[in-house]
Number of protein chains: 2
Amino acid sequence: MMDNKKIEKISRALSDASRIAILQQFKKKKDCLYCAEVNDLLDLTQPSISHHLKQLVDAELLLPQKEGRNLKYVLNHQVLDEYISSLNTLKD
Amino acid sequence: MMDNKKIEKISRALSDASRIAILQQFKKKKDCLYCAEVNDLLDLTQPSISHHLKQLVDAELLLPQKEGRNLKYVLNHQVLDEYISSLNTLKD
DNA sequence: TTCAAATATTTAAATGTTTCAATATATACA
DNA sequence: TGTATATATTGAAACATTTAAATATTTGAA
């Protein structure tokens, strides 16, 4: 089971409109999303987006995969499932 | 389905160690928790705890019920379920 | 090797959060 | 009614987050 520090970190990663939008983009883009596509999606500068992606990666919600000069992200289903399970245990 | 602003607000409410501890206390205290019990639980001043409880109430994770001078909280299972459902939709 | 493209880091400003001390409000009880 | 108890609000300090500008790093391609 996920510890409280991890729950806190994932919750914080989810507590921002830009980062929620990034995660939802995976619905449209199948399983992977390129960094450049996130830059197109959000009306923010490149360093800001890099910062948001870093937080999602630090929370392990996203797994980064380098592809030459580009960076591809995949959604970490396992961590998302564990987070959801942790929330479910709050319901007794 | 829950909108993104609501997901953001609930996530933020969950992104703090004290507030996670409060929610977990419902496991031990059945369905309801008194404000005074939260004061015993956390090593924070009364105003700080009041502030944390307010955020959980604002996010509708907790429902406050006045009982004379005291205040009782119940966990809002429906909102928690809707939040969890919203997270589940991230998994395609 | 040099240049251009993709991403990351640093710095600083603006804003938001957490906390406590002091104070206010509401309500039960003597 | 007056007093004590429970909770909320205000104000300020400390700290964290978000953002953009400037710059650095990495890597592919000419």
Side-chain angles (χ1 to χ4, degrees), chain A residues 4-26 29 32-76 83, chain B residues 4-26 29 31-76:
Chain A
N4 283 4
K5 271 289 161 213
K6 185 76 186 174
I7 294 173
E8 186 182 343
K9 186 157 201 169
I10 292 175
S11 299
R12 188 168 298 278
L14 292 171
S15 70
D16 177 275
S18 298
R19 293 191 293 268
I20 292 169
I22 292 169
L23 293 175
Q24 285 172 338
Q25 196 64 6
F26 282 91
K29 285 296 182 175
C32 83
L33 187 62
Y34 283 87
C35 186
E37 292 177 310
V38 180
N39 280 278
D40 293 343
L41 174 67
L42 299 175
D43 192 19
L44 288 175
T45 60
Q46 177 270 323
S48 294
I49 289 169
S50 183
H51 171 250
H52 286 305
L53 286 167
K54 187 176 191 310
Q55 286 185 72
L56 291 169
V57 169
D58 285 351
E60 295 180 285
L61 286 166
L62 294 186
L63 300 169
Q65 299 185 354
K66 265 209 137 173
E67 283 192 352
R69 236 173 353 186
N70 303 320
L71 189 46
K72 186 174 84 174
Y73 293 99
V74 297
L75 195 59
N76 190 342
Y83 179 66
Chain B
N4 283 4
K5 271 289 162 214
K6 185 76 184 172
I7 295 173
E8 186 181 343
K9 185 158 200 167
I10 293 176
S11 299
R12 188 169 299 279
L14 292 170
S15 71
D16 177 275
S18 298
R19 294 192 292 268
I20 292 169
I22 292 170
L23 293 175
Q24 286 172 338
Q25 197 64 5
F26 282 90
K29 286 293 179 176
D31 278 330
C32 83
L33 188 62
Y34 283 88
C35 185
E37 293 178 309
V38 180
N39 281 279
D40 294 343
L41 173 68
L42 299 175
D43 192 19
L44 289 174
T45 61
Q46 178 269 321
S48 293
I49 289 169
S50 183
H51 171 251
H52 285 306
L53 286 167
K54 186 176 193 308
Q55 286 185 71
L56 291 169
V57 169
D58 285 352
E60 296 180 286
L61 285 167
L62 295 186
L63 299 169
Q65 301 184 353
K66 262 209 141 173
E67 281 191 354
R69 232 171 2 182
N70 303 320
L71 189 47
K72 185 173 83 174
Y73 293 99
V74 298
L75 194 60
N76 191 341

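Below, read A as the first sequence line, B as the second, and so on, with proteins coming before strands; counting in each chain starts at 1.
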Under 4.0 Å protein heavy-atom contact, by nucleotide of nucleotides 19-29 of chain D - B base, S sugar-phosphate only: BBBB---SBB-
Provide, to the nearest angstrom, the distance between the [atom1] atom belonging to [X] and the [atom2] atom belonging to [N].
{"X": "Lys9(A)", "N": "dA16(D)", "atom1": "NZ", "atom2": "C1'", "value": "14 Å"}
{"X": "Asn70(B)", "N": "dC29(C)", "atom1": "CG", "atom2": "P", "value": "10 Å"}
{"X": "Glu8(B)", "N": "dT18(D)", "atom1": "CD", "atom2": "C1'", "value": "12 Å"}
{"X": "Leu53(A)", "N": "dA6(C)", "atom1": "CG", "atom2": "C1'", "value": "13 Å"}
{"X": "Gln65(B)", "N": "dA26(C)", "atom1": "CD", "atom2": "C1'", "value": "18 Å"}
{"X": "Ile49(A)", "N": "dA6(C)", "atom1": "CD1", "atom2": "P", "value": "14 Å"}
{"X": "Asp58(B)", "N": "dA8(D)", "atom1": "CG", "atom2": "P", "value": "11 Å"}
{"X": "Ile20(A)", "N": "dT18(D)", "atom1": "CD1", "atom2": "P", "value": "11 Å"}

Within a strict 4.5 Å, meaning less than it, do heavy atoms of the Glu37(A) and Gln25(A) side chains meet? no
Donor-acceptor pairs under 3.5 Å, side chain of residues 39-46 of chain B to any protein atom, not counting sequence neighbours: which ones?
{"residue": "Asn39(B)", "atom": "ND2", "partner": "Cys35(B)", "partner atom": "O", "Å": "3.0"}
{"residue": "Thr45(B)", "atom": "OG1", "partner": "Ser48(B)", "partner atom": "OG", "Å": "3.2"}

For the pair Tyr34(A) and Lys29(A), evaluate side chain to side chain contact (heavy atoms under 4.5 Å, CB included) and give the outcome as yes or no after the intermediate values. CA-CA 9 Å; Tyr34(A) 283 87; Lys29(A) 285 296 182 175; over 6 Å; no
side-chain N/O Gln55(A) vs dT17(D) OP1/OP2, d < 4.0 Å: no
Is a donor from one side chain sitting under 3.5 angstrom from an acceptor on the other, for Asn4(B) and Gln24(A)? yes
Would Glu60(A) and Lys6(A) pass as an ion pair if we require N to O under 4.0 Å? yes
Among residues two or more places apart or on two chains, list those pairs meeting salt bridge (charged side-chain N to carboxylate O under 4.0 Å, His left out) that have a residue in residues 45-54 of chain A. Lys54(A)-Asp58(A)
